[in-house]
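Quick notes on the structure that follows.
Throughout, protein chains are lettered first and strands after them, A, B, ... in sequence-line order, and every chain is numbered starting at 1. Computed from a predicted structure; not experimentally measured.
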Amino acid sequence: MAETAPRPTNFIRQIIDKDLAAGLHDKIATRFPPEPNGYLHIGHAKSICLNFDIAQDYQGMCNLRFDDTNPEKENIDFVNSIKADVQWLGYQWQGKERYSSDYFDALYGFAVELIEKGLAYVDFSTQDEVREMRGTLTAPGKNSPYRDTSIEENLAHFEKMKNGEYKEGQCSLRAKIDMTSAFMCMRDPILYRVKFAHHHQTGDKWCIYPMYDFTHCLSDAIEGITHSLCSLEFQDNRRLYDWVVENVSVDTIPHQYEFSRLNLEYTVLSKRKLIQLVEESHVSGWDDPRMPTVAGIRRRGYTASSVREFCQRIGVTKMENMVEMSMLEACIRDELNVSAPRRMAVLAPVKLIIENMDDGHVEWLDAPNHPNNPDMGTRKVPFAKEIFIEQEDFREAANKKFKRLVLEKEVRLRNAYVVKANRVEKDEAGNITTIFCTYDADTLGKDPADGRKVKGVIHWVSAVHAKDAEIRLYDRLFNVPNPAGEEDFTGSINPTSLTLMHGKVEHALSEEVTISSDTDALQSYQFERQGYFCVDKDSTTDKLVFNRTVELRDTWAKVEQAG
RNA sequence: UGGGGUAUAGCCAAGUUGGUAAGGCAGCGGGUUUUGAUCCCGCCAUUCGUAGGUUCGAGUCCUGCUACCCCAGCCA
């Protein structure tokens, strides 16, 4: 669509431009490096778009690398869901996906090299001792008594570690850097720990696993990554990143740059909290349409291109941010406004009987699929004596601001005729059960001949032709902008984040909607005056299920609320 | 004075060598409209965390101050 869309500009691309101008690289290489210990969310999407778009725009490459150095928290289901999500977003990594565990042999060799250079040692201090000797933010640490063990002994100990001769927690391999450094991560960081854990990729081959700080930079170097992009909390770690790649024999020296994570209002984007939402059943699962996960957003009806557009709009900086939900919503509205066929659906029906129409009469009207795009064609809409309209579209009495159906007043039925409300029938409780109207047969596709102006237009469906549908309306999952800032974030969960409606959808939908569990083939519609909806995988031939992706902009709601 | 970072509108964010504050979202006003939608038009920072300084000229350079975020896992 927007062929002339300008390339985004951000500080990382500026660094790349400078590096390229300086002749530092002939090809840019990035990577997206998730740990397979959870599902991807919209915050990961920001990183995915950043890394893959840069690779694409600079004709470089982007790897998908699973940072799988902690087998106890990881599993193959997560790697599969992550691969599927990245692809759904529209990206393809270079070659086969990579794993940090692919490099365990090489990493072991680099560790040995460090020991041989006198830059690493096996420490038999307990975890508590290590913590105590590390010092604090304001007090320097103390050297471990194992710091000056000879190279030969260290080599032997490390070998034994690898061979499973030491218990978990009994010892660890540490870099020999500086226990007085102001960077806590430089106070002899642990490089390897003993873990008798089964690994989803390497099985039981290893009982020692390398730590993130040792693994990530070297994996980058091995893969020839030029620009290693990560989030702000790793800024201090960059010193260790640089120390490792400089002290080990690698061919290329990658560099790390940090950008700020995405924060989105009225939701949470931390893996721990997301897990809690699922495990405590606050949501139906990882793909609950209220979840900020890629799977949830997808099921909600967001397209991959709208998520990419969002990532483009929010930009990339080092500033702490809290993006408003309206930013995300605007992206999907912009897209669906152009692409989604219009349909009519009544969410909370009330019967309307047209008194001056014959009982069995059915008129098949043509209705455009899109008001501004005739190329999208038309569909047939049955008009008959009994129809349903929205309960909130009728009032017995109302002021001029209310542009809908009012007793003894007229309103336009969308794509059909002008009707006038004559009387209503109520049940014992006083609820309106039926509205009786007369229609003006000379108003199809034109205004009344006598010059009467009918302001309002409401949607409707033919009672006998309409199909029952469950319509799920979603609201924000939390009722505070920053739930992560609460003492207990689950306390601010919005109790009405999901509203089930038993509605009626127009006839055409019952024929065109295909029942499928294939979440990639999403069918989205605009239910006129209501919003954008997509077919949910829970749909059956007996009952269609729709998710409301997002409402239409609603200036009337504001007027009404204001009084 | 532990260290590392960040401050431009309600939110996100351009602003590259100092030359007189892009754009998007939200909001507000108006027009078109058989969706209170879309679309169109207009408005929305004399000022860039703050106090000084340099300069003909500072969001951009210098100095001081303030606020917020991150770091003391054998997690990533």
Over all strands shown, is [X] touching base, sugar-phosphate only, or nothing at heavy-atom distances under 4.0 angstrom?
X: A:L444; answer: base
X: A:S260; answer: nothing
X: A:R404; answer: base
X: A:E265; answer: nothing
X: A:D447; answer: nothing

For [Y], is there an ion pair with [X] - N to carboxylate O distance below 4.0 angstrom?
X: A:R65; Y: A:D220; value: yes
X: A:K176; Y: A:D188; value: no
X: A:E560; Y: A:R395; value: yes

Say we look at [N] and [M]: how far apart would their [atom1] atoms be, to the nearest angstrom?
N: B:G19; M: B:G24; atom1: P; answer: 24 Å
N: B:C12; M: B:G64; atom1: C1'; answer: 31 Å
N: B:U35; M: B:C25; atom1: P; answer: 22 Å
N: B:U6; M: B:A22; atom1: P; answer: 25 Å
N: B:C43; M: B:A51; atom1: P; answer: 30 Å
N: B:U20; M: B:U55; atom1: C1'; answer: 14 Å

Reading nucleotides 66-76 of chain B 5' to 3', which nucleotides get B (base under 4.0 Å from a protein heavy atom), which S (sugar-phosphate only), which -? ---SSBBSBSB
Do the rings of A:Y146 and A:F124 sit parallel, tilted or perpendicular, given the 30° and 60° boundaries? tilted
[X] side chain near [N] phosphate (N/O to OP1/OP2, under 4.0 Å):
X: A:K318; N: B:A7; result: no
X: A:T9; N: B:G15; result: yes
X: A:T138; N: B:G3; result: no

State, with a plain yes or no, whether a side-chain heavy atom of A:L218 is found less than 4.5 Å away from one of A:Y103. no
Proximal nucleotide (of B:A14, B:A37, B:G4) relative to the A:L552 side chain: B:A37
Nearest-nucleotide pick for A:D554, side chain only, options being B:C25, B:U6, B:G36: B:G36
Answer with yes or no whether [X] presents, from its side chain, a donor or acceptor under 3.5 Å of a partner atom in the base of [N].
X: A:Q530; N: B:U35; value: no
X: A:R412; N: B:U34; value: yes
X: A:R313; N: B:G23; value: no

Residue met sooner reading RNA chain B from 5', once A:K403 and A:S326 are mapped to nucleotides: A:S326
Mapping A:R414 and A:G315 to their closest nucleotides on RNA chain B, which lands nearer the 5' end? A:G315
Assess, by modelled atom type and distance only, whether the side chains of [X] and [Y] contain a donor and an acceptor separated by less than 3.5 Å.
X: A:D68; Y: A:Y209; answer: no
X: A:D123; Y: A:S125; answer: yes
X: A:N369; Y: A:R343; answer: yes

Apply the salt bridge (charged side-chain N to carboxylate O under 4.0 Å, His left out) test between A:R414 and each candidate in A:E506, A:E528, A:E390; give the one that qualifies. A:E528
Side chain to side chain donor-acceptor pair (under 3.5 Å) evaluation trace for A:E363 with A:Y417: CA-CA 11 Å; A:E363 196 174 335; A:Y417 301 88; 2.4 Å; yes
Quick check: are there more than 12 heavy atoms from other residues, nucleotides or ligands sitting under 6.0 Å from CZ of A:R313? yes
Could you list all N or O pairs between the protein and nucleotides 38-42 of chain B that sit under 3.5 Å apart?
{"unit_1": "B:U38", "atom_1": "OP1", "unit_2": "A:R553", "atom_2": "NH1", "d": "3.2"}
{"unit_1": "B:U38", "atom_1": "OP2", "unit_2": "A:R553", "atom_2": "NH1", "d": "3.0"}
{"unit_1": "B:U38", "atom_1": "O3'", "unit_2": "A:N337", "atom_2": "ND2", "d": "3.4"}
{"unit_1": "B:U38", "atom_1": "O2'", "unit_2": "A:N337", "atom_2": "ND2", "d": "2.9"}
{"unit_1": "B:U38", "atom_1": "O2", "unit_2": "A:N372", "atom_2": "ND2", "d": "3.3"}

